[in-house]
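Below is one structure; the comments refer to it alone.
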Amino acid sequence: MNFLNKKGGEQVMSIYWFVIFGIITIAVVSGVYVFSSKPIDIRAAETNVLEDKIITCIVNNGEVSEKWKEINGGNDLEKICLLNLGDLNYKEMQYYIEIEIGDKSISYGDSSFKAFCGAKKSRNNIPYCREKKIMVLENDKFVLLNLIVSIRKVEQNAV
Amino acid sequence: MKIQNKNGSEILIGNVVYIVIVILFFATMFGFVIKQSSNVHSYEEINAKKIALVIDSLNQGSEAVIDVQDALKVNQGISEPISINGNSVVVKLSQRTSYSYSFFNANKVELNINEGYITIRVK
């Protein structure tokens, strides 16, 4: 296209400039919103601390403690290990804990989270789950302690 | 000074207006990015989660001190910006916003804010 009228050409250029400004504005605003609206996911750190709390509670110097014998369910786990797994921000339970030492095992919380354990992490908006296996002494014999801790809290960590 | 060349002055004014618009545009964009990166809600979320994690990791009878000066700088006149409600840490830095995050430590928790630092005691 040949612009014979220079002034007209400048006006056409100014429209292009506004279009470019508009594109830059949309790109910057959407980029900033996408970045700043993403919550910080602390569930991995939370899981780590919860695992430590449970292991410190039921294992003493590498040996299964007396407390483990007293724990027969989730409520015992909360009471004996001084945990409060309720959450005012959610109606449903946000945790799942499964402890297995030798023949005895207990589980507490929403067992549906267990399905996400060991799964390849393809999405963030699913419960975070981690499995820990350590050897402990029980009646002078080495037994496997299998601990599964899963935390949901998707809305606050991974939307 | 008398401008004899009308065409030259028009080009000059046009260029000045153009440069001013470009500067204003990029200044607005820069201001927007800065404002978004330091908005109150992100400070509330970061501090609530940080304090909840510290409470979780503390054992009975221990205490920790956390620097919360960044949050208190953006506090919009809230008298108790960081508090405990049940087993949740509530950070409220403005009248319209607040953020709470739960912790699982069942011990009694006490918070004390002093000169930009918060002391957390687990009893």
Side-chain angles (χ1 to χ4, degrees), chain A residues 6-7 10-11 13-14 17-18 20-22 24-54 56-57 77-90 93-95 97 109 149 151-153 155-157, chain B residues 7 10-11 14-15 17-19 21-61 84-90 98-109 122-123:
Chain A
K6 271 192 175 181
K7 278 204 164 178
E10 278 169 13
Q11 278 172 1
M13 282 304 286
S14 70
W17 272 112
F18 279 112
I20 289 166
F21 281 167
I24 294 171
T25 307
I26 292 165
V28 170
V29 170
S30 55
V32 167
Y33 270 114
V34 165
F35 182 77
S36 66
S37 63
K38 208 175 173 188
I40 303 156
D41 196 345
I42 62 159
R43 290 176 300 172
E46 228 179 328
T47 306
N48 209 16
V49 177
L50 188 53
E51 280 175 350
D52 279 354
K53 285 256 169 194
I54 294 166
T56 312
C57 174
L77 180 73
E78 277 196 289
K79 206 184 289 175
I80 292 166
C81 295
L82 295 168
L83 299 172
N84 183 357
L85 301 174
D87 194 329
L88 294 170
N89 296 308
Y90 301 91
M93 181 57 131
Q94 298 298 306
Y95 298 89
I97 297 166
V149 173
I151 301 176
R152 192 182 164 271
K153 293 186 182 180
E155 292 79 1
Q156 288 185 298
N157 289 283
Chain B
N7 215 14
E10 276 172 15
I11 291 168
N15 281 336
V17 169
Y18 170 72
I19 290 165
I21 289 171
V22 169
I23 290 170
L24 275 176
F25 174 77
F26 282 104
T28 312
M29 284 292 110
F30 185 72
F32 171 76
V33 172
I34 293 293
K35 201 184 167 200
Q36 281 301 314
S37 64
S38 61
N39 70 24
V40 169
H41 185 71
S42 61
Y43 280 107
E44 287 172 343
E45 184 193 340
I46 291 165
N47 284 282
K49 286 181 174 175
K50 190 164 71 177
I51 294 165
L53 266 182
V54 171
I55 292 171
D56 282 335
S57 55
L58 284 176
N59 291 321
Q60 201 169 16
I84 301 281
N85 178 23
N87 68 328
S88 292
V89 178
V90 183
S98 75
Y99 192 90
S100 76
Y101 199 83
S102 69
F103 53 88
F104 48 75
N105 193 334
N107 294 298
K108 198 185 171 199
V109 180
V122 175
K123 290 183 170 178

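The figures here come from the full heavy-atom set of this structure, side chains too, leaving out hydrogens, waters and symmetry mates. Residue numbers begin at 1 in each chain, while the letters A, B, ... track the order of the sequences. As the structure is a prediction and not an experimental result, all values here were calculated from the model.
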Okay, Thr25(A) and chain B: the region with an atom under 4.5 Å from a heavy atom over there is both

Honestly, the part of Lys153(A) sitting under 4.5 Å from a heavy atom of chain B is side chain

Using a 3.5 Å distance criterion without hydrogens, assess whether the side chain of Gln156(A) forms a donor-acceptor pair with backbone atoms of Glu45(B). no

Only residue of Asp87(A), Leu83(A), Asn84(A) satisfying side chain to side chain contact (heavy atoms under 4.5 Å, CB included) with Asn87(B) is Asn84(A)

Note: Leu82(A) and Gln60(B) closest approach over all heavy atoms is CD1-OE1, 3.9 Å

| task | Assign the ring pair Phe25(B) / Phe21(A) to parallel, tilted or perpendicular, where the plane angle (0 to 90°) is split at 30° and 60°. | result | parallel

- Task: Please determine, by modelled atom types, if Ser102(B) and Asn89(A) share a side-chain donor-acceptor pair under 3.5 angstrom.
- Result: no

Here the pair of heavy atoms bringing Gly86(B) nearest to Leu88(A) is CA-CD1, 4.4 Å

Applying a strict 4.5 Å limit to non-hydrogen atoms, the region of Ser57(B) in contact with chain A is both

Bottom line for Tyr33(A): the part with an atom under 4.5 Å from chain B's heavy atoms is side chain

Could you check whether any side-chain heavy atom of Val22(B) comes within less than 4.5 Å of a side-chain heavy atom of Trp17(A), counting everything from C-beta outward?
no

Turns out that what part of Tyr101(B) lies under 4.5 Å from chain A's heavy atoms comes down to both

Please tell me if the side chains of Asp56(B) and Lys53(A) come closer than 4.5 Å, counting only heavy atoms from C-beta onward.
-> no

